[in-house]
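Let me begin by presenting the structure, written as structure tokens, before commenting on it.
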Amino acid sequence: MNTPTTTLGILDAPAQTRETQLFHSADWFAHLRQQGWQRFQTLPMPTREQEKWRFSDTRTLSLEGYAPAPAPSEADVAKLLQRSQLISHPAGLMVHIDGHCVLEPQLSPELAKQGVIFESLEKAVKHHPALLKQHLLQHPVNLGGDKFQALHQAWLRSGYFLYIPTGVHVAQPFVSVQWTLAENSAVFPHALVIADDRAQGQVLDFHFGAQLDSRALAISCCDVHTGQEAKLERLSVQGWGQQTQSFQVDNTCGGRGAKIVAINAALGARRARLENTVRLEGPEANVNLYGITVATDGQEYDQRTLQIHAAPHTKSDLLFKNALLGKSRTIFSGLIKVEPDAQRTDAYQTNRNLILSPEAEADSLPGLEIEANDVKCSHGATTGQVSPEELFYLQARGIPLKVAQELLTQGFLEEVLSKVSHPEACDLLRTLMQEKFHRS
Amino acid sequence: MTPSLEIKNLNASIGERAILKNFSLTIPRGEVHAIMGPNGTGKSTLAKILAGHPDYTVQSGEVFLDGEQILGLEPDVIARQGLFLAFQYPSEIPGVTIANFIRAALVARQAKGAPFDAKAYYAQLYAKMDELKMDRKFTSRFVNEGFSGGEKKRCEILQLAMLKPKYAVLDETDSGLDIDALRIVSEGVNRLRGPDTGFGVITHYQRLLEYIVPDRVHIMWDGRIVHSGGKELALELEAKGYDWVKQELATH
């Protein structure tokens with residue numbers, strides 16, 4: 001590991017410069033980081049008055065006191081590697097702790113022969129500069145988290161590059177697990193996924209805190225590019241420690257006839273903001289976006305989504321379901337944008353919030369911006385409580401109130417859970433949600 | 001003394017409207033009592049109050065289950081004490097499978113932290129489903145969601161069979177059933193008859209009682225029992241109609 005132990009934090013220019021130098025990266029990559037750093041300096045911190053941050057609690061937003069953590073001890077690596085064995089037969093498993101890659105995936109000779117690439121970003125920068133230069137952080141979209149994305153770019157190091165070549169179908173999932181371990185650790189996980197024409201694959205991203213109450217800062221980005229007729233499913237599980245601030249920016253591009261399913265599960269962090277943009281670039285691209293959240297006392301989940309239809313005959317369908325317990329908050333703000341050329345678009349957006357506590361609050365801001373005239377678009381949002389009749393029915397079978405509420409909540413979330421096609425991943429997510437419910 | 005479900009002088013209302021008026025009835029364990037009456041006489045209200053539904057206000061009265069007062073307890077506590085209500089209109093529970101639902105109900109009856117024997121559970125569940133001619137695929141279907149009337153009632157009887165209560169109140173279990181479904185559901189109930197269980201069978205029609213033959217028949221009118229008799233009372237009622245009860249009341 002080349003990373004120095006530093007007492008300087010992520011807001012210190014010398015630390016940023018030093019890490020960039022020590023990383024021994026290519027000039028273009030150092031330049032990319034430098035650009036990010038400069039942009040970060042010029043951008044102001046967001047405030048609640050900005051439309052893109054409406055309803056967010058920006059007062060408790062702070063980047064002070066976080067630093068990249070030194071490499072973990074061997075004992076910690078061993079422990080967390082053990083805990084990273086979540087899926088029994090992945091196509092490849094990659095593990096990071098505090099931004100340090102501690103396990104590079106071993107692809108089967110067959111996948112390697114077919115040209116599949118699944119390696120850490122550090123390696124990919126050296127091995128595949130052309131592909132990375134073309135795709136790394138090249139999305140111009142901004143849903144408000146500009147400043148955080150700039151900081152991510154300035155400290156970019158950890159993460160992975162996945163490339164599935166033309167026509168290659170991979171049945172087993174690619175799994176990445178990112179941990180925060182050290183107190184006040186700052187991590188900037190990046191995922192770059194390219195599924196070329198007619199490629200098929202599945203990605204499982206797990207973000208965890210080593211302790212339940214880990215305090216950290218996580219700014220993660222995921223860029224997904226799909227070629228013609230490609231099929232890709234991605235599950236992202238945000239399970240950082242309960243004292244962590246999380247910012248996640250996902251960008252997904254769908255090529256002609258591509259089919260993409262993207263599921264974002266949110267369980268961890270004190271506050272977590274997800275900015276999720278999908279751009280349907282090729283005709284007949286089809287994207288399903290799902291969100292699933294269990295928010296408990298003190299947590300704020302801030303979800304901003306954008307579905308851009310840039311080509312005709314495209315379809316996008318979004319469903320975000322939030323269950324709120326204790327004094328928790330969710331904000332869903334979604335926009336469907338249909339560009340003038342995107343005739344015959346089908347675009348749907350649904351946000352459903354289940355309120356399980358009088359102190360919980362869910363805000364919903366759906367929106368449409370349609371510039372084509374031959375489209376089918378709809379959006380809807382509902383916020384409600386558990387039905388008293390359903391509750392009585394369960395109680396009348398001897399099921400205690402709290403268990404009945406939990407069952408009904410699971411039932412509410414099941415609609416999204418069932419979209420996770422990998423059985424083990426689905427069970428794991430169900431278990432994580434149950435455990436969280438039991439802790440609340 | 002035979003253990004029983006004993007309802008004494010129950011007065012209850014919803015909002016301002018009085019529904020049960022000094023209602024009294026005792027169902028000993030091992031017996032099947034039919035409660036018959038026209039619509040709007042308070043039969044379903046009675047069932048829901050017994051099960052602890054929060055929408056009703058009880059002014060006075062007592063309900064004893066094997067000598068223990070259950071009135072005013074939480075619905076889940078009443079259920080675990082041994083009272084089962086088969087609903088006239090069972091709720092649909094999206095996203096919760098029948099298997100998980102019944103499992104949760106059984107786990108709630110175990111000691112806290114005790115291991116659950118999943119293998120034995122499924123063996124029993126499948127056996128009961130076979131008896132009720134339910135496709136095993138039903139275990140993974142969401143509770144009552146998209147079920148036909150007959151499927152819903154079979155599902156109620158399946159729960160009854162799995163939970164083995166001391167007393168079961170069946171609220172209009174025959175409504176919405178065709179003759180085949182009625183037979184299957186009735187056979188399901190008859191299999192559960194025995195010295196350990198008492199049944200209160202609420203029905204509007206005599207038809208159900210051809211299949212579930214009662215030990216006693218009670219006629220309910222305007223919030224209370226006005227007439228009780230043997231199983232032949234149901235036939236008499238069927239022949240004479242509820243107007244007969246009305247006239248009887250007028251002459252008394």
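No experiment lies behind these values; they were computed from the predicted model shown. Note: hydrogens, waters and symmetry copies are ignored here, and every other heavy atom, side chains too, is used. So you know, we letter chains A, B, ... as the sequences are listed, proteins then strands, and number each from 1.
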Is it the backbone or the side chain of [X] that comes under 4.5 Å from a heavy atom of chain A, or both, or neither?
X        : result
B/Pro90  : both
B/Glu145 : neither
B/Val77  : neither
B/Ile78  : neither
B/Glu74  : side chain
B/Phe142 : side chain

Legend entry - Sidechain-backbone polar pair: B/Asn144 side chain, B/Ser91 backbone, donor-acceptor under 3.5 Å: yes
Legend entry - Donor-acceptor contact below 3.5 Å, side chain B/Asn100 vs main chain B/Val96: no
Inset, instruction - May I ask you to name which of B/Pro54, B/Ala105, B/Ala108 has the most heavy-atom pairs under 4.5 Å with chain A? - result: B/Ala105
Legend entry - Options B/Ala104, B/Gly52, B/Pro165, B/Pro75, ranked by heavy-atom pairs under 4.5 Å with chain A, top entry: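 Among B/Ala104, B/Gly52, B/Pro165, B/Pro75, the one with the most close pairs to chain A is B/Pro75.
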Legend entry - Contact residues of residues 123-138 of chain B (partner chain A; heavy-atom separation under 4.5 angstrom):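 Answer by number: none.
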Legend entry - chain A-proximal positions within residues 10-18 of chain B [heavy-atom distance under 4.5 Å]: none
Legend entry - Parallel, tilted or perpendicular: rings of A/Phe392 and B/Phe87 (30°, 60°): perpendicular
Taking only Lys NZ, Arg NE, NH1 and NH2, and the carboxylate oxygens of Asp or Glu, determine whether [X] and [Y] approach each other closer than 4.0 Å.
X        : Y        : value
A/Glu300 : A/Arg271 : yes
A/Asp302 : A/Arg273 : yes
B/Asp196 : B/Lys164 : no
B/Asp55  : B/Lys48  : no

Legend entry - Interchain contact, A/Leu394 with chain B, by part (heavy-atom threshold 4.5 Å): both
Inset, instruction - Check each atom of A/Phe412 against the heavy atoms of chain B and say whether the ones under 4.5 Å are side chain, backbone, both or neither. - result: backbone
Distance only, no hydrogens: is a donor on one side chain within 3.5 Å (strictly under) of an acceptor on the other, for [X] and [Y]?
X        : Y        : answer
A/Glu414 : A/Gln410 : no
A/His422 : A/Glu233 : no
A/Ser246 : A/Gln238 : no
A/Tyr301 : A/Gln303 : no

Inset, instruction - Could you check which of A/Glu390, A/Glu389, A/Gln395, A/Arg397 has the highest count of heavy-atom pairs closer than 4.5 Å to chain B? - result: A/Arg397
Inset, instruction - Check A/Val203, A/Leu429, A/Asp205 against A/Leu235 for a side-chain contact (heavy atoms from CB on, under 4.5 Å) and give me the one that passes. - result: A/Leu429
Legend entry - Sole candidate of A/Lys436, A/Arg270, A/Gln299 that passes side-chain hydrogen bond (donor to acceptor under 3.5 Å, both in side chains) when paired with A/Gln242: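 That would be A/Gln299.
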Inset, instruction - Using the ring of A/Phe332 (Phe, Tyr or Trp, six-membered ring only), decide whether A/Arg304 places NZ or CZ under 6.0 Å from its centre and within 45 degrees of its axis. - result: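 No, cation not above the ring by the 6.0 Å, 45° rule.
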Legend entry - Side-chain heavy atoms of A/Val416 within contact of A/Phe320, under 4.5 Å: no
